[in-house]
K.L.:
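Starting off with a structure, shown below.
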Amino acid sequence: MPKTTFFKITARLPRFRADLLTWYAAHRRPLPWRQSRDPYRIWVSEVMLQQTQVATVIPYFEKWLQVFPDIAALATAPIDQVLKSWEGLGYYSRARNFHRAAGEVVARHNGEIPRDYAAFRALSGVGDYTAAAVLSIAFGLPYAVVDGNVKRVLARLLVLEAAANDPGAKILFQEKADQILDRNHPGDFNQALMELGATVCKPRTPDCPGCPVRVYCAGLHGQMQTQLPNRLAAKKTPLKHQVAVVPLWENQVVIRRRPAQGLLGGLWEFPVVERAETEPAKRVVGDLLNSEFGPGFDRLTPLGTVKHAYTHFKIEVSVFLAEATDSAPRSTVSENGKWINISELETYPFSKYNLRIIELLRKHLDPS
DNA sequence: AACACGGGGAC
DNA sequence: GTCCCAGTGTT
Ligand code: SF4
């Protein structure tokens with residue numbers, strides 16, 4: 001076993017920072033939001049990147065900038081257009097809060113994104129991470145970011161035993177990140193640490209031989225790098241059974257808007273109810289039709305089953321087409337619902353599983 | 001402190 | 001299937 005070089009990072013902080021920054025300058029990926037320091041563009045990217053991988057974000061980022069080129073355009077846009085541009089990205093409160101924050105920037109700061117930490121951090125949807133990221137990258141202010149990448153890299157580099165997904169450990173990680181931050185190059189240093197985590201110090205298999213800071217890595221030195229960071233065990237997610245119905249009359253279907261807050265808040269959906277596992281899906285959908293849409297639906301066709309996994313539960317949705325083939329059904333449906341033409345479906349924002357229902361519907365109506 | 005909140009990439 | 005991602009808000 002050959003001896004490997006190891007330096008305590010605390011004894012060589014300036015060298016560590018320089019090595020990391022040199023590596024970043026040579027290896028940074030040419031991502032769309034790295035083409036300028038426009039604080040709005042940086043902000044858009046940081047909101048989209050929350051809990052979302054780079055490859056997923058790129059097409060959404062490009063489209064968003066086309067539709068909402070600046071903070072004023074976002075502030076004045078209707079919420080349905082905002083959610084439609086976010087459709088498929090998940091965590092829709094990010095879109096709702098960003099939209100609200102744009103209004104706050106106009107109202108409180110004359111349309112100018114504030115450079116002051118307290119002022120920016122106070123905007124809707126802006127937490128510790130986003131405030132530090134935008135202010136350091138766009139304005140060069142010395143605030144250290146702590147995200148999943150940073151926690152993983154720090155846990156290995158410094159051998160921190162605290163669980164990365166324990167909210168109580170956040171203070172420790174923030175403290176360490178504050179200490180190693182290069183206050184002369186905070187934006188690049190923050191991005192370098194995250195880039196290292198995303199491309200080298202990866203969750204499963206860190207590429208230590210290719211790591212620019214391996215000589216400072218206590219985790220590698222102690223051969224503990226692959227078992228760090230520690231993590232609190234995840235809970236199991238229950239399975240919920242649901243029944244969704246697509247009421248159809250001529251070329252029209254019923255959709256409804258979900259409550260503005262909570263799961264998939266503000267998105268549209270086909271009428272859906274939960275059912276006990278033992279309850280026959282067909283009877284549940286019959287009851288739903290009678291209570292919410294009145295008589296007239298004389299043909300019920302199963303379209304299939306849609307499965308979807310959320311963070312805290314899974315759903316299995318039995319989908320039915322309910323047709324009124326004889327007489328017209330009631331024109332008014334429950335308060336949040338409405339009849340629309342099938343061709344209008346693409347103009348409303350839907351969740352992923354509802355988009356799959358639309359696929360099932362189109363396949364049934366036009367099997368080709 | 002614990003939980004709610006989407007969807008997808010990597011394995 | 002599991003893990004986990006450039007996190008934030010609510011209770
Ligand atoms: S040496 Fe390995 S474990 Fe340490 S920071 Fe680099 S990639 Fe991560």
Side-chain angles (χ1 to χ4, degrees), chain A residues 28-29 31-34 42-61 83 86-98 100-101 121-134 136-137 143-153 155 163-171 173-174 177 187 189-199 201-205 226 229-239 258-267 269 306-315 349-356:
Chain A
R28 70 204 294 264
R29 292 167 290 178
L31 303 174
W33 44 90
R34 288 179 174 165
I42 304 296
W43 190 3
V44 172
S45 74
E46 293 303 342
V47 175
M48 289 187 170
L49 285 162
Q50 291 167 17
Q51 299 292 286
T52 310
Q53 295 179 180
V54 165
T56 305
V57 166
I58 290 174
Y60 284 88
F61 177 84
L83 289 173
W86 206 270
E87 182 184 66
L89 247 195
Y91 283 162
Y92 298 92
S93 65
R94 292 183 291 172
R96 301 195 301 270
N97 284 332
F98 193 18
R100 186 176 309 128
R121 174 67 176 77
L123 299 170
S124 292
V126 176
D128 293 338
Y129 168 78
T130 305
V134 172
S136 66
I137 297 169
Y143 298 103
V145 299
V146 175
D147 74 331
N149 289 310
V150 170
K151 284 187 282 191
R152 182 173 59 257
V153 172
N165 60 343
D166 177 2
K170 192 183 169 185
I171 294 176
F173 286 108
Q174 184 70 61
F189 185 87
N190 278 333
Q191 292 185 83
L193 213 49
M194 294 190 283
E195 190 84 344
L196 186 74
T199 63
C201 197
K202 295 173 289 186
R204 311 256 191 172
T205 53
T226 54
N230 288 315
R231 191 161 274 282
L232 301 177
K235 291 174 182 172
K236 289 209 169 176
T237 58
L239 173 65
R258 295 179 58 86
Q261 309 299 325
L263 184 70
L264 309 174
L267 297 189
E269 68 180 3
V306 172
K307 295 182 183 184
H308 192 75
Y310 294 101
T311 308
H312 296 288
F313 58 91
K314 297 168 217 162
I315 57 172
F350 289 98
S351 70
K352 210 66 188 179
Y353 92 82
N354 272 277
L355 291 173
R356 289 206 212 112

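Below, read A as the first sequence line, B as the second, and so on, with proteins coming before strands; counting in each chain starts at 1. Only heavy atoms go into these numbers, but all of them, side chains included; no hydrogens, no water, no symmetry mates. Here the structure is a predicted model, which means the values were calculated and not measured.
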K.L.:
For residues A:Val126 and A:Trp43, determine if any side-chain heavy atom of one lies less than 4.5 Å from a side-chain heavy atom of the other.
P.N.:
yes
K.L.:
Please confirm whether the shortest side-chain N or O distance from A:Arg231 to OP1 or OP2 of C:dC4 is below 4.0 Å.
P.N.:
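Yes, A:Arg231 has a side-chain N/O under 4.0 Å of OP1/OP2 on C:dC4.
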K.L.:
C:dT8, OP1 or OP2 - any side-chain N/O from A:Thr130 closer than 4.0 Å?
P.N.:
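So the side-chain polar atoms of A:Thr130 do come within 4.0 Å of the phosphate oxygens OP1 or OP2 of C:dT8, strictly under.
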K.L.:
Can you see whether A:Gln51 engages A:Arg94 through a side-chain donor-acceptor pair at a distance of less than 3.5 angstrom?
P.N.:
no
K.L.:
Under 6.0 Å from the CD1 atom of A:Ile171, do we count more than 12 heavy atoms belonging to anything else shown?
P.N.:
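Open: at most 12 neighbouring heavy atoms sit under 6.0 Å from CD1 of A:Ile171.
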K.L.:
Quick check: on DNA chain C, is the nucleotide nearest A:Val126 upstream (toward 5') of the one nearest A:Gln53, or the reverse? Name the residue that is more 5'.
P.N.:
A:Gln53
K.L.:
How would you label the contact of A:Ser124 with the nucleic acid (heavy atoms, under 4.0 Å): base, sugar-phosphate, or nothing?
P.N.:
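Since only primed, P, OP1 and OP2 atoms lie under 4.0 Å of A:Ser124, the category is sugar-phosphate.
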K.L.:
Give, for atom CG of A:Leu83 and atom CG of A:Leu267, the distance between the pair rounded to the nearest 0.5 Å.
P.N.:
5.5 Å
K.L.:
Report the distance from atom CD of A:Glu195 to atom P of C:dA6, rounded to the nearest whole Å.
P.N.:
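To the nearest whole Å, that distance equals 10 Å.
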K.L.:
Taking only side-chain N and O atoms of A:Lys202, does any of them lie within less than 4.0 angstrom of OP1 or OP2 on B:dA10?
P.N.:
no
K.L.:
Rounded to whole Å, how long is the line connecting atom CG of A:Asn165 with atom P of C:dC5?
P.N.:
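After rounding, the gap between these two atoms is 9 Å.
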K.L.:
Check each residue of residues 259-267 of chain A for a non-hydrogen atom within less than 4.0 Å of any atom in DNA chain C, then write out the ones that pass by number, or none.
P.N.:
none
K.L.:
Hey, which of these two, A:Ser93 or A:Arg204, hits DNA chain B nearer its 5' end, going by closest nucleotide?
P.N.:
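Closer to the 5' end of DNA chain B: A:Ser93.
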K.L.:
Distance check needed: C:dT8 P versus A:His312 NE2, whole Å only.
P.N.:
16 Å
K.L.:
Is there a side-chain contact between A:Val57 and A:Trp33 (heavy atoms, below 4.5 Å)?
P.N.:
yes
K.L.:
Say you pick atom C1' in C:dG9 and the same atom in B:dG8; how far apart are they, in whole Å?
P.N.:
23 Å
K.L.:
If you only use heavy atoms from C-beta on, which nucleotide in C:dA6, B:dG9, B:dG7 is closest to the side chain of A:Tyr129?
P.N.:
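Of the options given, the side chain of A:Tyr129 lies nearest C:dA6.
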K.L.:
If you compare every side-chain N and O of A:Lys235 against the phosphate oxygens of B:dC3 (OP1, OP2), does one of them come in below 4.0 Å?
P.N.:
yes
K.L.:
Tell me which nucleotide among C:dC4, B:dG8, B:dG6 gets nearest to the side chain of A:Thr52.
P.N.:
B:dG6
K.L.:
Rounded off to whole Å, could you give me the CG-to-P distance for the A:Leu355 and B:dG6 pair?
P.N.:
14 Å
K.L.:
Expressed in angstrom and rounded to an integer, what is the separation of A:Asp147 atom CG from C:dC4 atom C1'?
P.N.:
12 Å
K.L.:
Looking across every strand, which nucleic acid part, if any, lies under 4.0 Å from A:Trp33 by heavy atom: base, sugar-phosphate, or nothing?
P.N.:
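Since a base atom lies under 4.0 Å of A:Trp33, the category is base.
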K.L.:
Please step through side-chain contact (heavy atoms from CB on, under 4.5 Å) for the pair A:Leu89 and A:Thr56, ending with a clear verdict.
P.N.:
CA-CA 8 Å; A:Leu89 247 195; A:Thr56 305; 4.0 Å; yes
K.L.:
Map A:Leu123 and A:Leu31 onto DNA chain C by nearest heavy atom, then report which one ends up closer to the 5' terminus.
P.N.:
A:Leu31
K.L.:
Would a 4.5 Å heavy-atom cut-off, applied to side chains only, mark A:Tyr91 and A:Thr52 as touching?
P.N.:
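Result no, sub-4.5 Å side-chain heavy-atom pair not found.
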K.L.:
Just N and O in the side chain of A:Gln51: are any of them under 4.0 Å from OP1 or OP2 of C:dG7?
P.N.:
yes
K.L.:
Provide, to the nearest angstrom, the distance between the CG atom belonging to A:Asn149 and the C1' atom belonging to C:dG7.
P.N.:
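Value for this atom pair: 12 Å.
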K.L.:
What do the steps show when you test A:Gln50 against A:Thr130 for side-chain hydrogen bond (donor to acceptor under 3.5 Å, both in side chains), and what is the final call?
P.N.:
CA-CA 9 Å; A:Gln50 291 167 17; A:Thr130 305; 2.9 Å; yes
K.L.:
How close or far is atom P of C:dC5 from atom CG of A:Leu89, stated in whole angstroms?
P.N.:
17 Å
K.L.:
Quick one: label A:Arg28 by what it contacts on the DNA or RNA (base, sugar-phosphate, nothing), any heavy atom closer than 4.0 Å.
P.N.:
nothing
K.L.:
Under 4.0 Å between a side-chain nitrogen and a carboxylate oxygen: does that hold for A:Glu195 and A:Arg28?
P.N.:
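So A:Glu195 does not pair with A:Arg28 through a salt bridge.
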K.L.:
Closest approach to the side chain of A:Asn97, judged atom by atom: which nucleotide of B:dG6, C:dG9, B:dG8 is it?
P.N.:
C:dG9
K.L.:
Answer yes or no: does a side-chain N or O of A:Tyr91 lie under 4.0 Å from OP1 or OP2 of C:dG9?
P.N.:
no
K.L.:
For the side chain of A:Arg152, starting at C-beta, report the closest nucleotide among C:dC3, C:dC5, C:dT8.
P.N.:
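From the listed options, C:dC5 comes nearest.
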K.L.:
Considering heavy-atom distances to DNA chain B, does A:Phe350 or A:Thr205 have its closest nucleotide positioned more toward the 5' end?
P.N.:
A:Phe350
K.L.:
Between A:His308 and B:dG6, is there a side-chain N or O to OP1/OP2 distance below 4.0 Å?
P.N.:
no
K.L.:
So what does A:Gly88 hit on the nucleic acid, given a heavy-atom distance under 4.0 Å: a base, only sugar-phosphate, or nothing?
P.N.:
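Sugar-phosphate, no base atom in range.
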K.L.:
Could you tell me whether A:Arg34 contacts a base, only the sugar-phosphate backbone, or nothing, with contacts defined as non-hydrogen atoms closer than 4.0 Å?
P.N.:
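Counting heavy atoms under 4.0 Å across all strands, the contact made by A:Arg34 includes a base.
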K.L.:
If we take the P atom in both B:dG6 and C:dT11, what is their distance in whole Å?
P.N.:
15 Å
K.L.:
What is the distance from CG of A:Asp128 to C1' of C:dG7, rounded to the nearest Å?
P.N.:
10 Å
